[in-house]
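Take a look at the structure below.
This structure is a prediction, so every number in the text was calculated from the model and none was measured. In this chain, numbering begins with 1 at the start of the sequence shown. Both counts, for ligands and for their atoms, begin at 1 and track the order of listing.
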Amino acid sequence: MSHRLLFVGPPGAGKGTQAERLATSHGLLHLSTGDLLRAEVKAGTALGKEAEAVMNRGELVSDALVLAIVRGRLKDHGSGWLLDGFPRNLVQAEALDTLLAELEQPLDQVLLMELDDEELVKRLLARGRADDNEEVIRHRLTVYREQTAPLIDYYDQRGQLKRVISTGTVDEVAERILLALA
Ligand code: AP5
């Protein structure tokens, strides 16, 4: 399996759950921009204060802010990594290309996790994070379709995209992912 990976998919598709599991079993750095932003919010930093209201509305935090977070982490990490929730739009994808060229760490594969909207909403309502109420979830889905889904073609055209359906148990999805990335 290749060691520089990116997970894409709508909110609730299981990116965080599966990324954490795969990163642990393969010794990869798991970089979730959502988790990093939530840690800033919890710590009450200036960055967290700027991000909190945006996240609670289900909008995307500014590209500059997210890029600064990712750059700092990847720069110090020479071995494998798994990006989860980043890039989120074409501007971020192009910035990632530039950064990876600079670091001489080319991306190997992109995994798209797919699930139908009703199941996504059900899973997120059961989780109950600050941004997991029905209105905000539906807005996050719209933001995903408008801003993040264009990345599917972007990576598919490069021959880097693999797809899995996220129905079934966590173990079943994990197995599908290992097969897709083998
Ligand atoms: P982020 O944290 O990235 O959230 P998201 O993309 O909306 O993804 P989720 O965490 O909701 O879903 P997931 O696919 O990771 O699923 P999970 O494994 O958690 O972003 C949050 C916000 O931060 C954004 O709205 C934005 O404001 C900001 N942000 C983050 N990155 C940004 C960026 N790059 N640029 C700008 N802004 C950014 O699973 C969901 C639930 O389902 C869990 O409860 C889980 O236990 C459960 N579950 C998982 N798998 C299964 C299964 N197989 N069966 C049943 N339940 C399951």
Any heavy atom of Pro10 under 4.0 Å from ligand 1? The part involved is backbone

If you measure from each non-hydrogen atom of Glu172 to ligand 1, which part falls under 4.0 Å: side chain, backbone, both or neither?
neither

Crowding at CD, Gln160 (>12 non-hydrogen neighbours, <6.0 Å):
yes

Answer yes or no for Gly9: is there a heavy-atom contact with ligand 1 below 4.0 Å?
no

Going by heavy-atom distance to atom 21 (C) of ligand 1, choose the closest among Arg129, His139, Arg127.
Arg129

Is a donor on one side and an acceptor on the other found under 3.5 Å between the side chain of Gln18 and the backbone of Gly14?
no

Might you point out which heavy atoms bring Arg123 and Thr167 nearest each other, and give the distance in Å?
NH2-CA, 4.2 Å

Is ligand 1 under 4.0 Å from a heavy atom in the side chain of Thr169, in the backbone, in both, or in neither?
backbone

Judged by heavy atoms only, the candidate from Gly168, Pro11, Gly14 nearest atom 53 (N) of ligand 1 is Gly168

Can you confirm whether the side chains of Tyr154 and Arg158 place a donor and an acceptor under 3.5 Å from each other?
yes

Distance under 4.0 Å to a non-hydrogen atom of Gly16: what atoms of ligand 1 satisfy this?
13 (P), 15 (O), 18 (O)

Heavy-atom distances under 4.0 Å are what count here, so tell me which part of Thr167 touches ligand 1: side chain, backbone, both or neither.
neither

Given Arg88, Lys15, Glu52, identify the one with the heavy atom nearest to atom 3 (O) of ligand 1.
Arg88

Would you mind running through ligand 1 and noting each atom that sits below 4.0 Å from a heavy atom of Gly12?
9 (P), 11 (O), 12 (O), 13 (P), 14 (O), 16 (O), 40 (C)

Hey, looking at atom 46 (O) of ligand 1, which of Thr148, Asp63, Thr17 has the closest heavy atom?
Thr17

After noting the C-alpha distance and the side-chain angles of Arg4 and Asp108, does the key distance pass the salt bridge (Lys or Arg N to Asp or Glu O under 4.0 Å) rule?
CA-CA 5 Å; Arg4 287 183 296 266; Asp108 295 317; 3.8 Å; yes

To check your reading of the model: name the closest protein heavy atom to atom 35 (N) of ligand 1, its residue, and the distance in Å.
Gln92 NE2, 2.9 Å

Which protein non-hydrogen atom lies closest to atom 22 (C) of ligand 1, naming both residue and atom, and how far is it?
Met55 CE, 3.9 Å

Where is the nearest protein heavy atom to atom 25 (O) of ligand 1: which residue, which atom, and how far?
Glu59 O, 3.8 Å

